[in-house]
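Just so you know, residue 1 is the first one in the sequence shown, and it goes up from there.
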Amino acid sequence: VLPGTAYLELADAALCAVGGGRSLDIVDLSFERPMTFAGRARQVSLRLDPRPDGWALSVSSRPGPGHERIEHLHARAVARAGMPVASVAA
């Protein structure tokens, strides 16, 4: 089982890559289902969608092509008071 803190590390790395990182707080965190491996690799996706106050983020996975995605985490990353929100050109 992937520990909950690992999801937060993934989110932090993705937010740093788009220029947010340490100026954002993760809020409205919801763990949907645990990510288990059972001796098999998984394809893991972290999605960031821009929002006016920051980012919506989600983590999902699947055991391989042709399998349904399993949603593991949903959250929002919002700008700390007084900090600008980074934007990404489309």
*With sequence neighbours excluded, what pairs up with Phe31 under the ring-ring contact (aromatic ring centres under 6.0 Å, His included) test?*
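Phe31: ring-ring contact (aromatic ring centres under 6.0 Å, His included) contacts with Tyr7.
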Please give me the minimum heavy-atom distance between [X] and [Y], naming the atom from each residue.
X     : Y     : result
Ala14 : Leu46 : CB-CD2, 3.5 Å
Val59 : Val44 : CG1-CG1, 4.1 Å
Ile26 : Ala11 : CD1-CB, 4.0 Å
Ser58 : Glu71 : CB-OE1, 4.1 Å

[X] versus [Y]: any side-chain heavy-atom pair under 4.5 Å?
X     : Y     : value
Leu57 : Leu73 : yes
Leu2  : His72 : no
Met35 : Arg42 : yes
Ser60 : Arg47 : no

_Check: Gln43/Ser45 side-chain N/O donor and acceptor closer than 3.5 Å_ =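 No pair is found: no donor N or O on one side chain lies under 3.5 Å from an acceptor on the other.
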_I need the Leu15 CG to Trp55 CH2 distance, nearest 0.5 Å._
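If I round to the nearest 0.5 Å, the distance is 8.0 Å.
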_Working to the nearest 0.5 angstrom, can you tell me the gap between Leu29 CG and Arg76 CZ?_
11.5 Å
*Do other residues, nucleotides or ligands put more than 12 heavy atoms under 6.0 Å from Arg62 CZ?*
yes
